[in-house]
Structure formats: structure tokens, C-alpha cells
Protein chains: 2
Amino acid sequence: MDLSERKQKILQVIIDEYIGTAEPVGSRAISKRNELGLSSATIRNEMADLEDMGYLVKPHTSAGRIPSDVGYRFYVNSLMQKYQLGVEAIEVLRRELAEKVNQLDTLIKKASIITSSLTEYTTVVTSPMLSRSVIKKIDVLAMAQGTAMIIVITKAGFVKNRMISVDITEAEATRITELLNRFFSGVMTDEIDENSVIMIASAAVESGINPKTVQTVLSKVYEFITALDECDVYINNARSMLQYPEFADVDKAREMLDFLENRDNLIKIIENGHNTDGVGIKIGKENNAKELENSSLITVDYRLGSRSLGKIGVIGPKRMNYAKVIASLDLISGHIDKILEELYSNEGEG
Amino acid sequence: MDLSERKQKILQVIIDEYIGTAEPVGSRAISKRNELGLSSATIRNEMADLEDMGYLVKPHTSAGRIPSDVGYRFYVNSLMQKYQLGVEAIEVLRRELAEKVNQLDTLIKKASIITSSLTEYTTVVTSPMLSRSVIKKIDVLAMAQGTAMIIVITKAGFVKNRMISVDITEAEATRITELLNRFFSGVMTDEIDENSVIMIASAAVESGINPKTVQTVLSKVYEFITALDECDVYINNARSMLQYPEFADVDKAREMLDFLENRDNLIKIIENGHNTDGVGIKIGKENNAKELENSSLITVDYRLGSRSLGKIGVIGPKRMNYAKVIASLDLISGHIDKILEELYSNEGEG
DNA sequence: TGTTAGCACTCGTCCGATTTGAGTGCTAAC
DNA sequence: GTTAGCACTCAAATCGGACGAGTGCTAACA
């Protein structure tokens, strides 16, 4: 079942060609390029074999052939040449990322934008998972009459806030804040359980705060902390889909954009689409989503130390420039990892 | 130059029809609806007049006629019937907005989503302008080695944060935080000038903090506060463009989506497109943007008290359902105003 | 004078037939 | 094993006629 050297060569030429043009490629076109020095008839025979073996398919009798999912998979695994990004591209990336790195979410969004412009495909990034973050500080602020605000800051520099409805005085808020920080500052979010909340509650009540207020605030705080890991996803450059002939049909484009709009689904696909080691590549049906049958998804982790915080993914037509996308993602995730490492090297250990 | 009763009637029927179908409407179709009891020939004569007067245009000789920008403008100003939103729609809106109103930006984003689903057009909202906000609290936190975070919370419940590079100890950060709040808490952001910063700086230096650290932190804080009013814009349901025949051509759709992606431009258009009183309606070329020549933009303010915080806009084809969009925006902005009023009734006065 | 029936004319769209051309598979010869 | 050659296939492009929606104009009518 192994492919002869020559078949591999031909398959590679076909896929390279198809990636460039999106047109089925025929035997004559290949033989003309005479890298192989074979006549079109010979190529035809080989192509027929490749089709039998499942690497190619014919859209119809009198068209050329296009790669099947299997063909792409073989290409990605065995044939593809490593892509070398241009020095200017690398330079731009370095410069852009250096500019405003000091906000974790800004950094991620920026990374997404850069990836889009580097690859010209749609980029999706998941926001950093905060579930295993260390709390730097919690604030409870009395705001307008009957409302208060909870602010949680993690060591990694992530700030989340939420308003709650509760009658509370500034003094009470300050006191509760004090207690919260005494117990929770420096603690990892998923180590916080109801017991710790109860301890704080009794301490607060002892210091004379209305038990009902304490109860309301602390249950909201607890709820908020446990909900911190809600994963969000940013989509970038979705409109780029429209530039590829695969989506020349407005209905196709609409289907894809509708799919992208469904965040939950998208997150699921991105999380699924990933094997542990570095880059995850899902081709066509491998994505297990009808809407992505004609598309591929490539993902990488971005990490803090050994811990994966989230993912950056690129979605494009199945005939995407895999080598370039992989190179881009590799480069950018490497950069992010380094930046995060520098910024928060003391985070992440209990 | 006035339009006779009958011409107005005819114009109205034509526009109503065209809004529904996107097809040029002919004289026969109108006469068939016999609301007017006129023959097609008579209608034809009237339509020819309306064309001469600039209210209608012909795509080509043997098609019906479609409204011109002038025609739409007349329709919007004089002919359009008030649209009554369904009770279920109103109920949904009320319920949705009630649910998680406690975050200003969440509220606005949600409003945008609701508007999209109510109107089925693309919605753009500008984030609340913070320039004339009252500061509730400022925090400076020492984070990882060599970095600190500035957090500003406004009375209206807006939280913004930024990381900065500076060598600072926790004690120093706490001290600076104390001073910042003593001077700035309760102050409106645009009342803060360099003098106040200098005062804080000297106080901080007096209390023994490294002058260089003080200088770095305070200049960053000042920079941050003055940059608070950077206006952002959220786009919702852009893909809905694709469902209208106006954008059946992928290139047209692409042009529009490209335009929407250019945030600066978009903000400019939205801000321009607004006259002070309530709803702003810009039809086609009135938008002063090539990309919007075939689209209309309707905007409303959302307010806190009398102060406009930002805008909600709807972009759709020129033949959009103006009455419905206006009714929706009216309703939703009214709701938001009320919610904001309730939440932050004590904000906004120096 | 305003309205309408009638008619010639325009012009985009639809539809079927034809042509074109890229590409294939097979065969026979080298 | 390779290749030239040829018949065959089939989507896409081209062409042309029919169709029909719609117009403008004219003449007749109330």
C-alpha cells in the first residue's frame, strides 16, 4: 500500500498546484511542468492509481483531479515542505507584539490579528482559561445605592468584574474585602471551596456586618470565582472567507459565518481539534462538523510554563497553505509563550 | 414643487412594496392592488412625474421603478407610518435586558445583540465614552517583578486596567494607591490635569518612595486616565448582510464587511451620522461614504441623564424597514436609559 | 382636462441547442 | 514501462429566440 517515490512526487505536485489555484489539476498541466520528465499519459496512469488508492478524487469525468481528505492528510504528514516565513513578516510580528504586550487579553487579541494578516485566513482564539489562576486581589466596592461591584485580579494580570445587587455600606465593603484578601490572596481559584467561604462569612458576621449582606455578597463572590473559567472566543478576519472561491456562493459563505457565530459550538470544535503535542491539524471531515467539511482547522496552544492557557486556531479552505499556517502559528505561539514567561514567571506554582 | 396627495400615496405604495420585495415595482402591480382605484396608465403618468421630480429612478427602460435617496428621504420624513412592535418582541427585550444588566459593557453588547435580532440587520454600538466619568477608585498593584497594574473604576461601574513596566514594591504601590484615591476619588476624569499629578507626586516622594518610581507610575496613570475615552465599537450580526439580495454578489458583500472592519472609519461615520435630537437617519449617499452608498444607517444615543454615553446604530440596505428599525431603536435606547438611570442615578454630577 | 385603453417598443431574463475545450481512458506501438 | 493517438465525456461558455414585464405615447372617452 506504500506510495512509490514517483506517485508521491506527483501527488505533491497536484496538491501544491491545487492549493495555489483551487482548480482541478489535469495530467497535461503536470507533465508540462516537466519537473518529472514524464508524458501526460504516464501521469494519467499514475493519477488513476492514486485515485484508486483514495488520495485523489474527480469532481466529474472531464475535469482534472483534486486531493481527497486522505490526500491532504498524507501531504501534511509526509510531503509538505517546511515553510520559511519572510524576515520582514517576522520583524513585523516581533514589533507588533512588543508594542502593547502588557495586557494579557490585548496580547491574545493582537496575536489573533497578526495571525490573520500573516495567513490571510480566519483566526479564532480562545481567551485564557482562568480556572487554574492564582488570585492576586479581590475587591468589593459599594457603588450606587443597592449595588456593589466585585473585582478579581489574577497574578497573571487578568481583571474580571461583575456588578451585584446588595445593600452594603462602604465600610462593610472594605471589611469584607479585607477578609477576602486575607483568605484568598495568593490562592489558586480552584482550591477555593464553600468551606473557605463559610470561614470568611463567620469572620465577617463577627465583625458586626449584617449576616444577610454577608451571605449575599459572599455567595456572589463564590459564584463569580467559580465561573471565572468561562471560556470566550474571539474571531478575526471572518470576512476573509469571502475571498476564496470555495465561498464564492453566498449561501456557502453564510453557512460558514453562521457557524462561526455560534460560539459554544466553535469552542467545542477548537478544543476537540487538538492533540497534545504542539500543532493540531484537522482536515475536512476530521473536524466532525458538517459546516467544516470543506475546511481545515489548525490550532496551537499558548502556554504559561507548561500550562496551556488557550488556543489559537486558523480556519480556511481545505486547500489552505498548511505549511505557511503552521509556520505562522508556531512562530506566534512561541513568541507569546516567551512574552508570558517573561511577564509572569512567578505565576503558576500553587 | 409640492407632491399632490395622490402622488404621495403612489410614492408610498411603491416604497412599501420595494422595501418588501427588493424588486423594481411597475405601474400594473400598483394598479392591481387597487387601493387607489386608478388604471396602470394613470399610475404610469404619475410615476413619470415622480421620476422627473427625482423621487424615483429606473434601473433600466423595461423595469419598474425604485425609490431614489430623495424618495426615501421624503418617505422617512413624511409618509412612513409608525411601526408598532409586537408585544412578544417587547417582552423578550425586557426580559433579556433585565437578566444581566449589572455590567455596563455587557448591557451595551446585549443591547446590540437584541437590536440585531429584532431588526435582522447589522448593529454597531460605540462603547460608553468615559471622558466625563467620575472616578470611583484607582488601584496600583505590584505584580510580577518589574511590572505593575493600574486599575480605574468609574462610578458608573466601568473597569479599565493596564499593565505597566516599573520596579515597585507592594508597600510603595499601596502608598501611591492611597494618595491617588485621596486626590482623585469622586473627581471627574476630565478635571484631572498635570498639576494634580504633580501634587500627588510630591506627596509620594515625601513619604519616601523612589522619585523615579513615582514619576514612572504617575505619568502612566495620567496617560491612562486621559486615554480612558478611547472609543471602541462592537459590530453585531454583520453576516446578516449576506441575506439581502443587495449583497448577493460576494464582492459587494466583501466591500461592506471590509468597511465594517475598519473601526476608525466606522466610528467616524456613526458619530457624524447623528443629529442631536433622538434618532439620526442617514440614507445612502447622505452617509458620505462610498461603501454606504447603497445602505442606510440609523442611530440613537444611549444616555445617562442628559449626557450621551454612546450610540447604537443599525446598518442595512437602503430599502430597510425604517419604521421598524426606528421603533426598535427607540424602544431599546429608552430601556437602556432607564436602566442606567436606575443603576447610576447618583453619577454624572461633578 | 383628467383618465384610460391600446399598442408599439425596449430590454433583461429564461431556456434550449450548440460549440468549445480541458481532461480522461484505452489501445497499440515503441 | 512509456508514450502517442484517438474516441469519448462533460461542464462551461456562447448564441439566439421566445417571453414577459414594463414603459411611453396616442387617441378616444367622460
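On a predicted model such as this, the values are computed, not experimentally measured, just so you know. To find a chain, count down the sequence lines: A is the first, B the second, and so on, and within it residues start at 1.
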Subject >> Pairwise side-chain contact, A:E293 with A:N288, heavy-atom cut-off 4.5 Å (strictly under) >> reply: no
**OP:** For A:N237, check side-chain contact (heavy atoms from CB on, under 4.5 Å) against everything at least two apart and list the hits.
**Re:** A:S116, A:R239, A:S240
Subject >> Of the listed nucleotides C:dG25, D:dG22, C:dA5, the one nearest the side chain of A:E51 >> reply: C:dG25
Original post:
For the ring pair B:Y72 and B:Y55, is the centre-to-centre distance below 6.0 Å?
Top reply: no
Subject >> Pairwise 5' ranking along DNA chain C for A:K58 and B:R6, keeping only the more 5' one >> reply: B:R6
Original post:
Does any non-hydrogen side-chain atom of B:T126 lie less than 4.5 Å from one of B:V124?
Top reply: no
Original post:
For B:N45 and C:dT3, what is the distance between atoms CG and P respectively, to the nearest whole Å?
Top reply: 9 Å
Original post:
Of the nucleotides D:dA21, C:dT4, D:dT2, which one has an atom closest to the side chain of A:T42?
Top reply: D:dT2
Original post:
Could you give the CE-to-P distance, from A:M47 to C:dG25, as a whole number of Å?
Top reply: 8 Å
Original post:
What does A:S40 touch in the nucleic acid at a heavy-atom separation under 4.0 angstrom: a base, only the sugar-phosphate, or nothing?
Top reply: nothing
**OP:** Quick one: the dot-bracket string of DNA chain C, using Watson-Crick and G-U wobble pairs with both distances under 3.5 Å, [ ] for crossing pairs and | for bases paired to another strand.
**Re:** ||||||||||||||||||||||||||||||
Can I get a per-line list of side-chain donor-acceptor pairs under 3.5 Å for residues 18-26 of chain B, giving both atom names and the distance, sequence neighbours left out?
unit_1 : atom_1 : unit_2 : atom_2 : d
B:T21  : OG1    : B:E17  : O      : 3.2
B:T21  : OG1    : B:E23  : N      : 3.1

**OP:** Kindly point out which of D:dC10, C:dT24, C:dG25 is positioned nearest to the side chain of A:T61?
**Re:** D:dC10
Original post:
In whole angstroms, how far is the C1' atom of C:dT3 from the CG atom of B:L36?
Top reply: 14 Å
Original post:
Are A:L38 and A:E46 close enough that some pair of their side-chain heavy atoms sits under 4.5 Å apart?
Top reply: no
**OP:** Write down the distance between CD (A:E23) and P (D:dA11), rounded to a whole number of angstrom.
**Re:** 15 Å
**OP:** Can you tell me the distance, in whole Å, between the CG atom of A:L50 and the C1' atom of C:dT24?
**Re:** 15 Å
**OP:** Would you confirm whether the ring centroid of A:Y83 sits within less than 6.0 angstrom of the ring centroid of A:Y322?
**Re:** no
**OP:** With sequence neighbours left out, write down each residue that passes side-chain hydrogen bond (donor to acceptor under 3.5 Å, both in side chains) with B:R319, or none if nothing qualifies.
**Re:** B:E246
Original post:
Can you list the residues that meet the ring pair (Phe, Tyr, Trp, His ring centres under 6.0 Å) rule with A:Y75, with sequence neighbours excluded?
Top reply: none
Subject >> Atom pair distance, as rounded to whole Å: CD1 in B:I43 and P in C:dA5 >> reply: 12 Å
Original post:
In whole angstrom, what separates A:L56's CG from C:dG23's C1'?
Top reply: 14 Å
**OP:** Looking only at side-chain atoms of A:H60, point me to the closest of D:dA11, C:dT4, D:dG20.
**Re:** D:dA11
Subject >> A:S62 side chain, from C-beta outward: closest of D:dG24, D:dC10, C:dT24 >> reply: D:dC10
Heteroatom pairs (N/O) under 3.5 angstrom, protein to nucleotides 6-8 of chain C:
unit_1 : atom_1 : unit_2 : atom_2 : d
C:dG6  : O6     : B:R44  : NH2    : 3.2

Original post:
Can you check the A:I30 CD1 to D:dT2 C1' distance for me, whole Å?
Top reply: 16 Å
Original post:
Which of these nucleotides, D:dC10, D:dT3, D:dT23, is closest to any side-chain atom of B:R65?
Top reply: D:dT23
**OP:** Find the distance between CG (B:D49) and NZ (B:K7) and round it off to the nearest 0.5 Å.
**Re:** 4.0 Å
